[in-house]
J.: 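Input: one structure, supplied below.
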Amino acid sequence: MDWRAIGMGLAFVVMWSSAFTSAKIAVEYAPPFLILAVRFFVSGGIAVAVAWALGQRAALTRMQWGAVILFGLCQNTIYLGANFVAVQWIDVSIAVVIASLLPLLVAGFSAAFLGERLARVALLGLVAGLIGSLVIMGDRISAGADIRGVAVCLVGVVALMIATLLVRGASTGGNVLMIVGLQMLVGAVTLLPLSLVLETWVVEWTWQLAAAFTYTTLIPGLTATVTWFLLVKRIGPTRAATFHFLNPFLGVAIAAVVLGEVLSLRDIAGVAIIMAGILMVQLSAVKGTEGAPQPSR
């Protein structure tokens, strides 16, 4: 078992899950597209500057540039833009459980179009992860949710699936930090015009906004994205995506601590099932035909 990959995956999912709560706080005081555009300008600029100081350069092939631009559009403009907008209308917990559909979407697409074949135990692990997510979220979804927020989150998670499958093509060559910064700048330059057209720039300057902006820029925005690139390169998109099954529990737990949302025994039972599913996938071998994405070592 690749314990380093598991550690990277767990660190990533804690940081990523916390982004939902910080986003919820930030959009209470500033327009979602505006706050995201500024976040990406700051975090992308930091990443590019540090990468340059480490000797990394933006010497990419045409295919890599295409992958970086598409990744930035899918993950930053569409997925994160959708989630920042949606949490204005729905609870953090609903947005989190929709995001947890990512592993099923990645596995299904990879099997259908990329020739990747999962071992039976891995398929069982994916099913266990879905069941655990449903255990956590069943009563929340049945209680009803704003259809606009749900629809926007569904569009976002499909975009995140595409971004996940693009990671390896974008990050080949070793310039991981440079590429992370570039794809963030793609998000910035695409979200800013959307904000100018669709939003009224009214910002309530509070310490809560400052704290949420700083945290979401440096931790989920920069550190988690670098970790995600390295994780996908190490174990492949399908296995890496299984860590998103922890998003429902961690997202709800963090929201419970910070926002006062309820954490029940159903949540605890659900995370036990989810962790079992992740372990099954990690222990299994992912077998692909020639030309399918293979885990890097």
Side-chain angles (χ1 to χ4, degrees), residues 11-47 75-100 136-137 140 143 145-146 148-150 152-153 156 160 180-181 184-185 187-188 190-192 194-228 246-264 267:
F12 162 77
V13 80
V14 169
M15 292 184 286
W16 196 254
S17 296
S18 68
F20 292 90
T21 294
S22 60
K24 182 78 170 180
I25 295 171
V27 298
E28 291 182 1
Y29 303 100
F33 289 155
L34 175 61
I35 200 73
L36 265 180
V38 176
R39 163 188 155 175
F40 287 136
F41 273 122
V42 174
S43 56
I46 292 172
Q75 174 165 295
N76 299 328
T77 308
I78 303 176
Y79 169 70
L80 288 175
N83 275 275
F84 267 60
V85 169
V87 293
Q88 298 177 109
W89 304 322
I90 60 176
D91 290 341
V92 166
S93 56
I94 300 296
V96 169
V97 76
I98 293 174
S100 74
I136 293 173
M137 298 304 305
R140 291 177 171 85
D146 190 311
R148 295 174 302 170
V150 172
V152 169
C153 282
L160 183 60
V180 166
M184 287 179 176
L185 294 177
T190 51
L191 283 166
L192 187 59
L194 288 175
S195 179
L196 286 168
V197 172
L198 300 175
E199 296 176 333
T200 301
W201 285 12
V202 177
V203 178
E204 184 178 350
W205 299 102
T206 65
W207 72 265
Q208 292 94 334
L209 174 60
F213 177 81
T214 301
Y215 178 82
T216 195
T217 299
L218 298 179
I219 305 303
L222 184 57
T223 308
T225 304
V226 171
T227 303
W228 178 245
L246 279 172
N247 274 335
F249 172 76
L250 292 173
V252 171
I254 293 168
V257 173
V258 179
L259 302 176
E261 295 187 8
V262 177
L263 181 63
S264 67
D267 301 322

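Predicted model, so just to flag it, every value in this text is computed and none were measured.
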J.: Quickly, which of L209, V202, I35 forms a side chain to side chain contact (heavy atoms under 4.5 Å, CB included) with Y29? Name it, please.
T.: L209
J.: What's the separation between atom OG1 in T223 and atom CZ in F12, rounded to the nearest 0.5 Å?
T.: 12.0 Å
J.: Strictly distance-based, threshold 3.5 Å: is any side-chain N or O of T190 a donor or acceptor partner for the main-chain N or O of G187?
T.: yes
J.: On a heavy-atom basis, which atom in F33 and which in G81 lie closest, and how many Å separate them?
T.: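 What the structure gives for the nearest pair is CE2-O, 3.8 Å.
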J.: Output the distance between atom CG (L80) and atom CG (L36), rounded to the nearest 0.5 Å.
T.: 6.0 Å
J.: Of the non-hydrogen atoms in T77 and L191, which two are nearest, and what is the gap between them?
T.: O-CD2, 3.9 Å
J.: Would you mind reporting whether P31 and V203 have side-chain heavy atoms less than 4.5 Å apart?
T.: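 A side-chain contact under 4.5 Å exists here.
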J.: Does any part of the side chain of V258, heavy atoms only, come nearer than 4.5 Å to the side chain of I25, both counted from C-beta?
T.: yes
J.: Would you confirm whether T216, through its side chain, and A212, through its main-chain N or O, come within 3.5 Å as a donor-acceptor pair?
T.: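 Not at all, since once roles are kept as given, no pair shorter than 3.5 Å links the two residues.
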J.: Excluding sequence neighbours, so at least two apart, what forms side-chain hydrogen bond (donor to acceptor under 3.5 Å, both in side chains) with Q88?
T.: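 By the side-chain hydrogen bond (donor to acceptor under 3.5 Å, both in side chains) rule, Q88 matches no residue at all.
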J.: At their closest point, which heavy atom of G156 faces which heavy atom of A82, and how far apart are they?
T.: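 For G156 versus A82, the nearest heavy atoms are CA-CB, 4.0 Å.
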J.: Nearest 0.5 Å please: distance from the CG atom of L218 over to the CZ atom of F213.
T.: 8.5 Å
J.: So how far is it from T225 OG1 to W16 CH2, rounded to the nearest 0.5 Å?
T.: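 It is 5.5 Å, given to the nearest 0.5 Å.
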J.: Nearest heavy-atom pair of G251 and T21: which atoms, and what distance?
T.: O-OG1, 4.4 Å
J.: Side chains of I90 and C153: does their closest heavy-atom pair fall under 4.5 Å?
T.: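 They are in side-chain contact.
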J.: Is there side-chain contact between I78 and L160, with at least one heavy-atom pair below 4.5 Å?
T.: no
J.: Is any side-chain heavy atom of F84 closer than 4.5 Å to a side-chain heavy atom of K24?
T.: no
J.: Which atom pair, heavy atoms only, marks the closest approach of L246 to S17?
T.: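 Shortest heavy-atom contact: O-OG, 4.4 Å.
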J.: Looking only at atom types and distance, does a side-chain atom of E199 sit under 3.5 Å from a main-chain N or O of L34, one as donor and one as acceptor?
T.: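 Confirmed, E199 side chain pairs with L34 backbone.
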J.: Quick one: OG on S22 to CD on Q208, what's the gap to the nearest 0.5 Å?
T.: 13.5 Å
J.: Hey, could you give me the CE/CG distance between M15 and L250, rounded to the nearest 0.5 Å?
T.: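 These two atoms lie 12.0 Å from each other.
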J.: List the atom of L185, the atom of F40, and the distance in Å for their closest heavy-atom pair.
T.: CD2-O, 3.9 Å
J.: Find out whether L192 and F41 are in side-chain contact, i.e. whether some heavy atom of one side chain is under 4.5 Å from a heavy atom of the other.
T.: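 Answer yes - side chains close enough.
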J.: Assess, by modelled atom type and distance only, whether the side chains of W201 and S195 contain a donor and an acceptor separated by less than 3.5 Å.
T.: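 Result is yes, a qualifying pair exists.
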J.: Applying side-chain contact (heavy atoms from CB on, under 4.5 Å) to L222 and T217, what does each step give before you reach the verdict?
T.: CA-CA 6 Å; L222 184 57; T217 299; over 6 Å; no
